[in-house]
Engineer: 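Can you keep this structure in mind? I'll have questions shortly.
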Amino acid sequence: MENIARQKVGDIVASNFRTSKVLTAHNIDFCCGGGISLQDACLKKNQNLDTVIAELEEILQSGEDQNWQELDPDKLIDRIVQKHHSYILGTIPALRIYLDKLCNVHGERHNELYEIRSLFEEGSIALLQHMEKEEKILFPYIKAMVSAERDGFPLSKPHFEHIENPIQIMEAEHATEGVRFMRIAQLTNNYTCPPDGCQTFKVTYALLQEFEEDLHTHIHLENNVLFPASRRMFSKQMVGN
């Protein structure tokens, strides 16, 4: 890929989501930090640009594309809600139970568990509120824009005036969760179970890691695919309004 070094990290993953595995392996943020070039991202994380490009090209040339940008926004919303929102709703209760158990049993020897539990609880509450706002306010309007475009009827201006208003709120909340889970990763030593950790310890850390990875995918699909498409639709449909 001739110009891949200058491409934004988020755009690389948007064109083929399988590339996310390479970036994750090199500790490169493709969701909240997806707005910078691959070259700058490698420099920031002290990664060898040529090595990262070689690994990306192997995937990009394999012919197994998964281009989320080709999905209509309403179909992408359905995927986000059915896969990622459902995952969060289904996983939070179990992690709350496990973290309570770890704090009760291992808290004296591992004081970091209390901060991990507190951070996860704060994030859980924030994410549940965040998803509710998306599903009740932003996503229905985006779907309405898709219907208006398909059926050729004019769409009235939303009560939030401009789509940029809710999108900027969602992006800011995404960034907050990115920082929060980065701190959880630090406290868990990148989800490494301590030598004296029991099976619940291992399961909890593995589940926290899975939760963060799913959140990265979730945020990426919104920040780098859904929201740009929605902004374009809004600008097109609001001409003359």
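Quick caveat, the model's predicted, so the values are computed rather than measured.
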Engineer: Distance check, rounded to the nearest 0.5 Å: Glu58 atom CD versus Ile53 atom CD1?
Structural biologist: 14.0 Å

Engineer: With the threshold set at 4.0 Å, does a side-chain nitrogen-carboxylate oxygen contact exist between Lys44 and Asp29?
Structural biologist: no

Engineer: Nearest 0.5 Å, what's the CD-CG distance between Glu210 and Leu215?
Structural biologist: 12.0 Å

Engineer: Closer than 4.0 angstrom, basic N to acidic O: yes or no for Arg183 and Glu122?
Structural biologist: no

Engineer: Group every Ile, Leu, Val, Met, Phe, Trp and Tyr by side-chain heavy-atom contacts under 4.5 Å, then state whether Leu128 and Ile137 land in the same group.
Structural biologist: no

Engineer: Under the ring-ring contact (aromatic ring centres under 6.0 Å, His included) test, which residues partner His218, sequence neighbours left out?
Structural biologist: His84, His85

Engineer: Go through it in stages, so that I can follow the logic: the residues are His130 and Glu177, the test is side chain to side chain donor-acceptor pair (under 3.5 Å), and I'd like the CA-CA distance, side-chain angles, deciding distance and then a yes or no.
Structural biologist: CA-CA 11 Å; His130 174 88; Glu177 293 316 307; over 6 Å; no

Engineer: Hey, do the aromatic rings of Phe160 and Tyr141 have their centres closer than 6.0 Å?
Structural biologist: yes

Engineer: For Phe234 and His162, take the angle between the two ring planes, folded into 0 to 90°, and tell me which bin it lands in: parallel under 30, tilted 30 to 60, perpendicular over 60.
Structural biologist: tilted

Engineer: Calculate, to the nearest 0.5 Å, the distance between atoms OG and CD belonging to Ser124 and Gln129 respectively.
Structural biologist: 11.0 Å

Engineer: Which heavy atom in Gly123 sits nearest to a heavy atom in Arg180, and how many Å separate them?
Structural biologist: CA-NE, 3.3 Å

Engineer: Does a salt bridge link Asp78 with Lys83, judged by any charged N lying under 4.0 Å from a carboxylate O?
Structural biologist: no

Engineer: Under a single-linkage definition using a 4.5 Å side-chain heavy-atom cutoff for Ile, Leu, Val, Met, Phe, Trp and Tyr, are Leu99 and Met182 assigned to the same hydrophobic cluster?
Structural biologist: no

Engineer: Hydrophobic cluster membership, with links at side-chain heavy-atom distances under 4.5 Å among I/L/V/M/F/W/Y: are Ile36 and Val22 in one?
Structural biologist: no

Engineer: Could you check whether the rings of Phe211 and Phe181 sit parallel, tilted or perpendicular, using 30° and 60° as the cut-offs?
Structural biologist: parallel

Engineer: Taking it one step at a time, do Phe139 and Leu226 satisfy side-chain contact (heavy atoms from CB on, under 4.5 Å)?
Structural biologist: CA-CA 10 Å; Phe139 288 177; Leu226 179 63; 3.7 Å; yes

Engineer: Answer with yes or no whether the hydrophobic clustering places Ile184 together with Tyr87; edges join I, L, V, M, F, W, Y residues whose side-chain heavy atoms lie under 4.5 Å apart.
Structural biologist: yes

